[in-house]
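Below: one structure, written as structure tokens.
Quick note: numbers below take in every heavy atom, side chains included, and nothing from hydrogens, waters or symmetry partners. When a ligand or atom number is given, it counts from 1 through the structure's own listing order. Remember, it's a predicted structure, so these values are computed and weren't measured experimentally.
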Amino acid sequence: GAKWTYTGPEGENHWSEHYPYCGGAFQSPINIKSELLRFDPTLRPIEVQNYNLSPKEQLTLGNNGHSVQISLPSKMYISGLPQRYTAAQLHFHWGSSSRPTGSEHMVNNKQYAAEMHVVHFNSDKYPNMSMAVDKSDGLAVLGVLIEIGEFNPAFEQFLKFINGIKYRDQKVQVPGFNIRALLPARLDEYYRYDGSLTTPPCYPSVLWTIFRNHITISRKQFLSLATALYSSHAQDSVPVPLNGNYRKPQPADSRVVLVSFKE
Ligand SMILES: NS(=O)(=O)c1c(F)c(F)c(S(=O)(=O)CCO)c(N[C@H]2CCc3ccccc32)c1F
Ligand SMILES: [Zn+2]
């Protein structure tokens, strides 16, 4: 589709000019505020299957101009939801070296340094991501909030290759690793709401699960993520840094955020 950015004339306030859903209802991200919460005792722990990938397996690490993404094998899936959701890819949103606050979701007005999304599609109903992406029961995304703190060895498994994908559309193969290690310890404590893709075309097709507990990466790891990449092609005369790739919180409207835990 048409190119879009996070700032300037193709920035998020203009997305709806080419992508009408971006101006519609049920948009993401949101600021998860206490008054929206409702405890739901029926919310089961998220169970991830086949996330522990062998280093013999190769994953594609790529710069798609909007984020750094890792393509995931279709043997990875989530169980514990009404239907099976098969993994497609994971990617990140982050701030910049001068503004280390780049998460998309906020919790009671707190914005974290970065956020990871593991994107899955409803493989009980749809054959692939493209068929699922615009269906109301099409996608399930796991969101992990990221703070600057302890060094994260799992994060390093792909971060050490980031200088091979500095420019848009560059890709490298990296050895598989345990994707479960990128998630917080507790998969039973999370926020749950109906929302959308946070990038164009902003389809309201996402069942969001945002884990209560954040993970940490070191300041050096954050700076590497926030300063290594460009959204422009290698041959472009003007290099455009890729950072601040987060959409601002959208109106919650009358949405309730279900929560799987009691304070
Ligand atoms: N925050 S988010 O989870 O809503 C989200 C993104 F923020 C994001 F950047 C991407 S993308 O593919 O890297 C680039 C724009 O599609 C996707 N990609 C999804 C959307 C469309 C699509 C098609 C095939 C594989 C993945 C995706 C995404 F679901
Ligand atoms: Zn995302």
Side-chain angles (χ1 to χ4, degrees), residues 1-7 10-12 15-16 18-19 21-22 24 26-30 32 59-74 76-78 85-95 102-106 111-123 126-146 158 162 165 167-171 179 182-183 191-211 215 225 229-233 242-250:
K3 62 187 187 319
W4 52 271
T5 61
Y6 284 94
T7 55
E10 280 106 18
E12 58 185 277
W15 290 356
S16 57
H18 294 284
Y19 303 96
Y21 285 107
C22 297
F26 290 100
Q27 291 296 288
S28 294
I30 60 172
I32 299 169
L59 300 171
T60 302
L61 175 73
N63 173 341
N64 61 30
H66 307 293
S67 183
V68 51
Q69 76 171 57
I70 301 176
S71 300
L72 298 172
S74 54
M76 289 174 57
Y77 65 93
I78 308 172
Y85 285 81
T86 295
Q89 54 111 287
L90 68 83
H91 63 269
F92 297 86
H93 303 266
W94 57 88
S103 70
E104 295 208 303
H105 289 89
M106 298 171 75
Q111 188 175 19
Y112 289 76
E115 186 169 337
M116 176 177 78
H117 292 151
V118 192
V119 183
H120 303 73
F121 69 93
N122 182 338
S123 47
Y126 308 106
N128 56 50
M129 184 69 196
S130 302
M131 292 298 288
V133 72
D134 62 345
K135 309 297 189 296
S136 61
D137 59 353
L139 305 185
V141 181
L142 302 181
V144 180
L145 298 162
I146 301 173
F158 70 87
I162 201 162
I165 56 161
Y167 298 96
R168 185 186 193 115
D169 296 335
Q170 291 186 331
K171 293 183 167 72
I179 305 296
L182 289 174
L183 304 178
Y191 306 98
R192 164 70 47 74
Y193 79 98
D194 291 319
S196 74
L197 297 177
T198 68
T199 60
C202 306
Y203 295 129
S205 61
V206 181
L207 183 68
W208 279 99
T209 298
I210 308 293
F211 292 111
I215 63 165
L225 177 66
L229 304 177
Y230 295 92
S231 59
S232 47
H233 290 104
L242 174 50
N243 56 49
N245 58 340
Y246 59 92
R247 190 188 195 183
K248 68 179 185 301
Q250 304 298 303

| request: Compute the ring centroids of H93 and Y112, then answer whether they are less than 6.0 Å apart. | output: no
| note | Which of I215, L183, I70 passes side chain to side chain contact (heavy atoms under 4.5 Å, CB included) with M116? Answer is L183
| query | Taking the side chain as C-beta and beyond, is there a heavy-atom pair between N243 and W94 under 4.5 Å? | reply | yes
| Can we call the ring centroids of F26 and W208 under 6.0 Å apart? | no
| request: Enumerate the atoms of ligand 1 whose separation from the nearest heavy atom of Q69 is less than 4.0 angstrom. | output: 12 (O), 13 (O)
| request: Specify the protein heavy atom at minimum distance from atom 12 (O) of ligand 1: its residue, its atom name, and the distance to 0.1 Å. | output: Q89 NE2, 3.3 Å
| message | Can you report which non-hydrogen protein atom sits closest to atom 21 (C) of ligand 1, along with the distance? | response | V133 CG2, 3.6 Å
| field | Shortest protein contact, atom 13 (O) of ligand 1 (heavy atom only) | value | N64 ND2, 2.7 Å
| Among protein heavy atoms, which sits nearest to atom 1 (N) of ligand 1, and what does the distance come to when rounded to 0.1 Å? | T198 OG1, 2.7 Å
| query | When you check the side-chain N and O atoms of T60 and S71, is any donor under 3.5 Å from an acceptor? | reply | no
| Among all protein non-hydrogen atoms, which one is nearest to atom 3 (O) of ligand 1, and what is the separation to 0.1 Å? | H91 CE1, 3.2 Å
| field | Check: Y21 ring centroid to Y203 ring centroid under 6.0 Å | value | yes
| Distance from atom 23 (C) of ligand 1 to nearest protein heavy atom, with residue and atom | M129 CG, 3.8 Å
| Relative to the heavy atoms of V119, which atoms of ligand 1 are at a distance of less than 4.0 Å? | 3 (O), 29 (F)
| remark: Minimal heavy-atom distance between P201 and Y19, with the atoms involved, is CA-CD2, 3.8 Å
| Do N64 and Q69 have side-chain N/O donor and acceptor atoms under 3.5 Å apart? | yes
| query | Between E104 and R247, which heavy-atom pair has the shortest distance, and what is it? | reply | OE2-N, 2.9 Å
| Hey, which atoms in ligand 1 end up nearer than 4.0 Å to a heavy atom of H93? | 1 (N), 7 (F)
| request: Ignoring hydrogens and angles, state whether a donor on the side chain of R168 or S231 is under 3.5 Å from an acceptor on the partner side chain. | output: no
| Among protein heavy atoms, which sits nearest to atom 15 (C) of ligand 1, and what does the distance come to when rounded to 0.1 Å? | T199 OG1, 3.6 Å
| query | Which atoms of ligand 1 have any heavy atom of H117 under 4.0 Å away? | reply | 1 (N), 3 (O)
| field | Atoms in ligand 1 flagged as close to L197, the criterion being non-hydrogen separation under 4.0 Å | value | 4 (O), 20 (C), 29 (F)
| remark: Listed as residue and atom, the protein N/O/S atoms under 2.8 Å from the Zn ion (ligand 2) are H91 NE2, H93 NE2, H117 ND1
| message | Donor-acceptor check, side chain of N245 to backbone of H66, threshold 3.5 angstrom: yes or no? | response | yes
| task | Search all heavy atoms of Y193 against all heavy atoms of S28 and return the closest pair with its distance. | result | OH-OG, 2.7 Å
